[in-house]
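The next block holds one structure in the form of structure tokens; read it before the comments.
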Amino acid sequence: MSIIWLIFIPLIGGLLCWQSERVSRGAPRWIAFFSMVLMGALGVHFLLQGDYSLAPSAAGAPNWQAEYRAPWIPSLGISFHLGLDGLSLAMVLLTAGLGLAAVLCSWREIQRNVGFFYLNLLWNLAGVTGVFLALDLFVFFFFWEVMLVPMYFLIALWGHNAPGGIGRIHAANKFFIFTQASGLLLLMAIIGLVIVSYQHTGVLSFDYDVLRTTQMSPDVEFVLMLGFFIAFAVKMPVVPLHSWLPDAHAQAPTAGSVDLAGVLLKTAAFGLLRYVLPIFPNASQAFAPVAMVLGVIGIFYGAVLACAQHDIKRLVAYTSISHMGFVVIGIYSFDLVSLQGVVIQMLAHGVSAGALFILSGEVYERLHTRDLRLMGGLWSRIAWLPALALFFAAASLGLPGTGNFVGEFLILLGTFKNWPVIAALATAALILAAIYSLLMVQRAFFGPAQSETVLEGLTAREVTMVLMLVLCLLGLGLYPQPVLDLTYSTMSQLVR
Amino acid sequence: MSTQLTLQNLQALLPVILCSGTAVMVMLAIAFKRNHFMNATVTVLGLNASLAAVWWVSSRVALPQPVTDLFVVDSFACFYMALILVATLACVTLAHAYMETHSGNREELYLLLTLAATGGLVLVCSRHMAGLFIGMEILTVPLFGLVAYSFKRSRSLEAGIKYLVLSAMSTAFMLFGIALLYAQTGNLSYSGINTALLQAADIPLLAWVGCAMIFVAFAFKLSFVPFHLWTPDVYEGAPAPVSAFLATASKVAVFAALVRLLQDMPLMAFGAMHDVLAAIAGLSILVGNLLALTQSNVKRMLGYSSIAHFGYLLIAVVSGLNLEQPTVAIYLATYVITALAAFGVMVQVSSPYHGADADNLQHYRGLFWKRPYLASVMTVAMLSMAGIPMTAGFIGKFYIVMIGVGAQMWWLLAALVIGSALGLYYYLRMMITMFLTQPGMRRFEAPLNWGQTTGGLILLLAAALVILLGVYPEPLLGVAMGLASV
């Protein structure tokens, strides 16, 4: 099986979902479910088959455990080049896992145009997978942009019009325009890089292996690096460029939020790890202080604003900004320990934020509101859900035993060596994390109940799905070594 | 400097001859019998013959083939002739369904379209001010009639008169400019003027004024800012298939003529003129996109967006890199297909409604849930206009960015980024409107059998081409790269 199937399974599955709606409304759900299972199984197959513990090769190239290359646009030196290493495999597995959760959590929520919904969901996941696998910068950009269109439809067509907030179409437009405009900067930077490389080598190529070794003057390197960084910073999001995120999350359907927080934001961090650090090593070093400060601002800003939110999904969205701040400082500390922590943090945040969005979605299905002021006392009214939410809130504040703790701890540990002040500041922000997490749980689940009616508890499907995520998070927290081994070779490459 | 026509010359001119022959045939056919279907068929057959002749010329005749001092048929001319003919064919096909319900004479539309196409063919071959002028007039004069074709609607008549007056103005500018250049150089061929001016110790001011006036005329036809004021009104007033022709075939012909003029007369884009062109490019991008933002009329929106698109194209022209020709060719080809798809959907939606075009955004509400294929074509067209990967528009934009970065024109690239961000807003609005449903919406139902009519087939073909070129652009790039050596 070639790795190209990791992209084609959701693509074809999506088309089948779309057409199978003619048969019955349930058919698209099952097809989407089996596509994601198949994709996950294929990911596991690559996990078992490849040897990711290899030391990095002498030439400095990452160990591609599987590669696929086909000519695409030869006159521009573009080939359809995909490759799989430990880092991209970890991300692909996250995509498949959260994709499965997204399919399951929209089982009952989506009743309109089910087939078209799953088409968009699966195509979005296919695009994200393409981003994780691309080894040609044109292919990377192609998937980077293509994955946004289905996401746009998910928010615009199946989103909510939260009272008091901006409409779902407005939110979708904002999301799309932010990411597309920054995408054009990325395109310019990519083309600039290709032209610089062409001037040196005389070969027009968009291939990662060619461009990775491009020689350039410090000024050029810095400008091109900025182009990449800004595009990734919008998607991450880094604070001055974040304003699309809370709106998009608040209006998106549950599956869209899970997808957005769990997987889409990770493409930005992945981009920094895969492209910015290896291609522009010197400029990245020079830029590190700025990135560090932006990261710390993001951590505090997200945490403080999260404390003030009434909409539970906006609250989780702001905590995402805060958690991605940790990822930024982890990446720019250029330390193997913190880079390893970044991977754990990305996986753990994907799972915990995804789970919190799912649980918010379940609350919304029962109460038809996401306003924390209208909740309170839900512990006695819904079975299972509050306890699970408490677990993920605890994970979100970095409780030991969960993956989030391991990720944050490793990031802070690695950062402290060279950036003690930054690490100290970021640690202080963990108090804010405790405040917003407990505030959320307190306001939603404890306190006086608004009514005595007992609401429907979680169904077996929902409990299984969420418990799976609990297990993932505990696994990452209690025994993270397999993941660390998986990405060790790629990460040790970055700090050389 | 031969003034004799050889057989080879005639062979090279075959597409133009066939196209003008078609015009005569259509005229005779109308005189013989007013039969809508028959006249349309004659037109389509003639245009197809002309298209086949372009293919024959490009593969069998030794190119470039100069035809007197006025024209030259080379691969550049062949590419744009083919593009114009394809666009005209699509417009004719789309017009057939649209005109079925037209009250009044329907057949002359085909005559005028064919004539205008002939003008376009002449225009892309000319390398001489006389050829340029003749081509421009043959292209423009039928357009007056076309724009005002449904003259019982005051909008259409108004648009026709507006276009007539402003075109006459721009023609006057062009003639004056040509006269000034002739007075300075005593020459009318592009390259002759250029050499004569280069030989002069310093170029006289009047020659600059002449160049500027000629450019003003071009800017009018291509509706560059600040010469764009007529565009939205004319697009809105003209019948939908004519708007499609204006946005595609007519603009391609004029832009190709401009590219050739600038190539043979590089002086026209030299020094201050270069800065003026760059400024106009930036202004067109920003103003075109800004004005399109608030439009609720789809035709006006597409009109403004075409201003912006030709602003993008001008970036390639002012770059001064030898990638210019392929970039322009690729962008124009992708733009034409996209615009045909977009206008085509509008024509299809409007067709059965006796003259009133479905051009308000409201008419498209929920289209996807009623006519999924039609709405899918429009969605693809909008994504392509916005330059999203997997569509042809992305390849065009990719080349523009590439040439902009290559020539290091950062200000224009900044305008492109801002313009694209603005553009997304209205393309997305158009797109999402088609997916929305709301009770009590006005129903403009497309005819049930739209997919079986030839117009529907053209639309599906255009949408398929947009995606095919977006995913596998290699063949187009190959053809376009062949133009680089011209």
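Numbers restart at 1 for each chain; the letters A, B, ... are given by sequence-line order, proteins then strands.
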(request) Would you check if the distance from the ring center of Phe116(A) to the ring center of Phe368(B) is below 6.0 Å? (result) yes
(message) Quick check on Ile177(A) against chain B: is it the side chain, the backbone, both or neither that has a heavy atom closer than 4.5 Å?
(response)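 Backbone plus side chain of Ile177(A), per the 4.5 Å heavy-atom cut-off to chain B.
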(message) What part of Ile195(A) gets within 4.5 angstrom of chain B, counting heavy atoms only: side chain, backbone, both, or neither?
(response)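 Contact with chain B is through the side chain of Ile195(A) alone.
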Considering only heavy atoms and a distance below 4.5 Å, find which of [options] pairs most often with chain B.
options: Ile78(A), Leu157(A), Ile190(A), Leu148(A); result: Leu157(A)
options: Phe141(A), Phe142(A), Phe178(A); result: Phe142(A)
options: Gly183(A), Ala172(A), Pro74(A); result: Pro74(A)

Do [X] and [Y] come close enough that some side-chain heavy atom pair is under 4.5 Å?
X: Phe143(A); Y: Met390(B); answer: no
X: Leu413(B); Y: Leu184(A); answer: no
X: Val405(B); Y: Val194(A); answer: no

(message) Need one label for Ile388(B): side chain, backbone, both or neither, based on atoms under 4.5 Å from any heavy atom in chain A.
(response)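 The side chain, not the backbone.
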(request) Against chain A, label Leu422(B) side chain, backbone, both or neither, depending on which of its atoms sit under 4.5 Å from a heavy atom there. (result) neither
Record all donor-acceptor atom pairs with a distance under 3.5 Å between chain A and chain B; write none if the list is empty.
residue	atom	partner	partner atom	Å
Trp72(A)	NE1	Val471(B)	O	2.4
Ser75(A)	N	Glu474(B)	OE2	3.3
Ser75(A)	OG	Glu474(B)	OE1	3.3
Ser75(A)	OG	Glu474(B)	OE2	3.2

(request) Look at the rings of Phe138(A) and Phe394(B) and say which category their plane angle falls in: under 30° parallel, 30 to 60° tilted, over 60° perpendicular. (result) tilted
